[in-house]
Amino acid sequence: MLHSPDPAVQTQGAFGLSQRGVEAKSAVPALTEALKSPNALVRQNAALALGAVGPDARPAVPELTPLLNDAEWAVRRQGAIALGRIGPEAADALPALRRLQEDSSNLVRQAAAEAIQKIKNPPK
């Protein structure tokens, strides 16, 4: 579904993978590629799925980090949430997450703050 030419199908595929959690680990490369979609809902749901995979989505960090500058606040928020769920393996994104604490959206600022905490102080 992620390779469909239809953004609605791609969105559904990414959302479905988000429900699988760590079981979607094998889809990390395809989800990472979906982060580059021109469609905001595809980018948002790909980030959602990568966050659900958690630390095993570490290879996606270099592609997730640019989402923190996305024009759509919901994509920025979901990118921050995903990086937080990846945890300490997403430490390279900390400078971008710190900048996001000045975002115009309160929800984005909150997601960035929570992600920073999860990366710096992962739950035991």
For residues [X] and [Y], report the shortest heavy-atom separation together with the two atoms involved.
X: Leu100; Y: Arg109; value: O-CG, 3.8 Å
X: Ala74; Y: Gln44; value: CB-OE1, 3.7 Å
X: Trp73; Y: Val108; value: O-CG2, 3.4 Å
X: Val75; Y: Ala40; value: CG2-O, 3.5 Å
X: Gly21; Y: Val53; value: O-CG2, 3.6 Å
X: His3; Y: Ala30; value: NE2-CB, 4.1 Å

>> I'd like to check the side-chain contact (heavy atoms from CB on, under 4.5 Å) partners of Pro7; sequence neighbours left out, ordered by chain and number.
In response: Asn39, Val42

> For Asp56 and Val22, what are the C-alpha separation, side-chain angles and deciding distance, and is it a side-chain contact (heavy atoms from CB on, under 4.5 Å)?
Replying inline: CA-CA 7 Å; Asp56 288 332; Val22 74; 3.4 Å; yes

> In terms of hydrophobic clusters joined by side-chain contacts under 4.5 Å, are Val28 and Phe15 together?
Replying inline: no

> Same hydrophobic cluster for Leu41 and Leu48, using side-chain heavy-atom links shorter than 4.5 Å among ILVMFWY?
Replying inline: no

>> If you count heavy atoms of other groups shown closer than 6.0 angstrom to CZ of Arg20, is the number above 12?
In response: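 Counting other residues, nucleotides and ligands, CZ of Arg20 stays at 12 neighbours or fewer.
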
> Is the number of heavy atoms from other residues, nucleotides or ligands under 6.0 Å of Lys25 NZ greater than 12?
Replying inline: no

> With a 4.5 Å limit on heavy-atom distance, are the side chains of Gln101 and Ile116 in contact?
Replying inline: yes

> To the nearest 0.5 Å, how far apart are CG in Leu50 and CG in Leu31?
Replying inline: 4.5 Å

> Quick one: CG on Leu2 to OG1 on Thr11, what's the gap to the nearest 0.5 Å?
Replying inline: 9.5 Å

> Checking Gln10 side chain against Ser4 main chain: does a donor-acceptor pair fall under 3.5 Å?
Replying inline: yes

Only distances under 3.5 Å count here; give the side-chain donor-acceptor pairs of residues 76-89 to other protein atoms, sequence neighbours excluded, each with its distance to 0.1 Å.
residue: Arg76; atom: NE; partner: Asp103; partner atom: OD1; Å: 2.8
residue: Arg76; atom: NH1; partner: Asp70; partner atom: O; Å: 2.8
residue: Arg76; atom: NH1; partner: Ala71; partner atom: O; Å: 3.3
residue: Arg76; atom: NH2; partner: Asp103; partner atom: OD1; Å: 3.3
residue: Arg76; atom: NH2; partner: Asp103; partner atom: OD2; Å: 3.1

>> With side-chain contact (heavy atoms from CB on, under 4.5 Å) as the criterion, how do Asp92 and Arg58 come out once you've worked through the C-alpha distance, each side chain's angles and the decisive distance to 0.1 Å?
In response: CA-CA 10 Å; Asp92 290 347; Arg58 163 65 177 104; 3.5 Å; yes

>> Taking Glu102 first and then Arg99, would you say they form a salt bridge - that is, a charged N and a carboxylate O separated by under 4.0 Å?
In response: no

> How far apart are the C-alpha atoms of Lys120 and Leu94, what are their side-chain angles, what is the distance that settles it, and do they pass the side-chain contact (heavy atoms from CB on, under 4.5 Å) test?
Replying inline: CA-CA 9 Å; Lys120 291 174 76 173; Leu94 283 171; 4.2 Å; yes

